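Take a look at the structure set out below.
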Amino acid sequence: MAIQVSMTVNGSPASAAIDPRTLLVQFIRENLSLTGTHVGCDTSQCGACTVIVNGNAIKSCSVLAAQCQGAEVTTIEGVAGADGELHPMQAAFKECHGLQCGFCTPGMIMCAIDLVKRHPAASEHEVREQLKGNMCRCTGYHNIVKAVQVGAANMQGA
C-alpha cells in the first residue's frame with residue numbers, strides 16, 4: 001500500500017507515491033535522483049546522510065519520508081548558488097583541503113552549515129564536539145575543522 005508524500009526539496013516541490021517504510025534518504029536518492037546524500041551505515045552513526053529539514057540538520061537514514069510531509073528539505077545539491085557558485089562552506093572545504101575521498105563531505109558540509117548557524121564563532125574544540133556524529137575515515141579531521149572555521153568566517157561575511 002503506497003502513500004503520497006509531498007515536501008519542498010532544494011526549493012522545488014517534490015512528491016511521490018511511496019511505501020510507508022521509505023526512509024527520507026531513500027526518497028531523496030531513489031525518487032528524486034539526488035545522490036549527493038550518501039548512505040554510509042544505515043544506523044545513523046556516520047552522518048553521511050545528513051540533510052537540513054526545516055532549518056535543522058538531521059540524519060536522513062533515521063527518519064521516514066512520511067515524517068517530512070510538508071517539510072522544507074535541503075540537500076547538498078541545494079546549497080550552492082543558482083549560478084553554480086559554491087556555498088561559503090563548500091568553498092572552505094575546497095580551499096582548506098577538508099576532504100580526501102569525498103564520501104563524508106556532503107554530510108560534513110550540511111552538518112557544518114547547521115553548526116555555524118547555532119554556533120557562529122565555535123572554537124576548535126566546539127567544532128570537534130559538534131562533528132562527533134559525522135565520521136571520516138580518511139582525514140584525521142584537522143583540515144575539516146579548519147574548513148568549518150574558515151567557512152564560518154566566510155558565512156558571516158556573505
Side-chain angles (χ1 to χ4, degrees), residues 1-95 98-120 122 127 129-139 141 144 147-148 151-152 154-155 158:
M1 176 176 116
I3 61 168
Q4 188 70 27
V5 66
S6 298
M7 61 190 77
T8 302
V9 179
N10 299 331
S12 299
S15 63
I18 60 171
D19 182 299
R21 300 168 294 180
T22 301
L23 296 170
L24 179 58
V25 69
Q26 293 170 305
F27 177 75
I28 290 168
R29 291 180 59 82
E30 297 167 16
N31 292 85
L32 305 180
S33 298
L34 297 172
T35 57
T37 302
H38 294 155
V39 178
C41 65
D42 275 332
T43 60
S44 72
Q45 300 296 309
C46 74
C49 67
T50 303
V51 297
I52 296 176
V53 176
N54 294 332
N56 297 303
I58 67 157
K59 294 178 181 175
S60 61
C61 75
S62 64
V63 175
L64 294 171
Q67 291 175 278
C68 295
Q69 175 67 27
E72 295 277 339
V73 179
T74 305
T75 69
I76 192 67
E77 291 90 348
V79 298
D83 61 356
E85 183 178 344
L86 294 178
H87 182 280
M89 191 61 72
Q90 289 174 302
F93 267 71
K94 179 181 175 187
E95 175 188 328
L99 58 111
Q100 283 184 14
C101 82
F103 189 82
C104 72
T105 306
M108 285 283 186
I109 289 172
M110 299 308 286
C111 181
I113 290 169
D114 182 63
L115 182 162
V116 170
K117 180 183 79 175
R118 292 179 291 107
H119 305 286
V127 170
E129 284 295 310
Q130 294 294 313
L131 290 179
K132 277 188 174 177
N134 290 71
M135 297 174 70
C136 176
R137 294 179 182 211
C138 300
T139 67
Y141 297 93
I144 291 172
V148 172
N154 291 345
M155 286 171 66

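Predicted, not measured: the structure shown is a model, and the values here were computed from it. Just so it is clear, the values below take in all heavy atoms, side chains as well, and ignore hydrogens, waters and symmetry mates. FYI, the numbering just counts along the sequence from 1.
- Sorted by first and then second residue, the ring pair (Phe, Tyr, Trp, His ring centres under 6.0 Å) pairs with a member in residues 41-60 form an empty list; sequence neighbours excluded.
- Summarising the geometry, atom CD belonging to Glu129 is positioned 11.0 Å from atom CG belonging to Leu115; distances are rounded to the nearest 0.5 Å.
- Every residue two or more places apart in sequence or in another chain that forms a side-chain contact (heavy atoms from CB on, under 4.5 Å) with Ala66 is listed here: Ile3.
- Among residues at least two apart or in separate chains, there is no salt bridge (charged side-chain N to carboxylate O under 4.0 Å, His left out) pair with a member in residues 70-93.
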Review point. Would Leu32 and Val9 satisfy side chain to side chain contact (heavy atoms under 4.5 Å, CB included), going step by step from the backbone distance to the final call?
Key: CA-CA 9 Å; Leu32 305 180; Val9 179; 3.7 Å; yes
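- Partners of Cys136 under the side-chain contact (heavy atoms from CB on, under 4.5 Å) rule, at least two apart in sequence or in another chain, are Cys104, Met108, Cys138, Thr139, Tyr141, Ile144.
- The ring pair (Phe, Tyr, Trp, His ring centres under 6.0 Å) contacts involving residues 43-79 comprise nothing, where partners must be two or more places apart or lie in separate chains.
- Note on residues 3-44: pairs passing ring pair (Phe, Tyr, Trp, His ring centres under 6.0 Å), not counting sequence neighbours, are His38-Phe103.
- Looking at residues two or more places apart in sequence or on another chain, you find a side-chain contact (heavy atoms from CB on, under 4.5 Å) between Cys49 and Val25, Thr37, Lys59, Ser60, Cys61.
- The side-chain hydrogen bond (donor to acceptor under 3.5 Å, both in side chains) pairs that include a residue from residues 2-21 are Asn10-Thr75, Asp19-Arg21, where partners are two or more places apart or lie in different chains.
- Listed by chain and residue number, nothing satisfies the side-chain hydrogen bond (donor to acceptor under 3.5 Å, both in side chains) test with Asn54 (two or more places apart in sequence, or in another chain).
- Shown here are the side-chain hydrogen bond (donor to acceptor under 3.5 Å, both in side chains) partners of Gln26, two or more places apart in sequence or in another chain: there are none.
- Screening Ile52, Thr105, Ile109, Thr35 against Ile76 for a side-chain contact (heavy atoms from CB on, under 4.5 Å) leaves a single residue, Ile109.
- Side-chain contact between Met89 and Val116 is present, with at least one heavy-atom pair separated by less than 4.5 Å.
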Point to revise | Candidate pair Val79 and Met110, rule side chain to side chain contact (heavy atoms under 4.5 Å, CB included), full reasoning | key: CA-CA 9 Å; Val79 298; Met110 299 308 286; 3.8 Å; yes
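- Listed by chain and residue number, Thr50, Leu131, Asn134 satisfy the side-chain contact (heavy atoms from CB on, under 4.5 Å) test with Cys111 (two or more places apart in sequence, or in another chain).
- We find the CG-CG distance between Asn31 and Leu24 to be 10.5 Å, quoted to the nearest 0.5 Å.
- Applying the ring pair (Phe, Tyr, Trp, His ring centres under 6.0 Å) test to pairs two or more places apart or on separate chains, none has a residue in residues 42-87.
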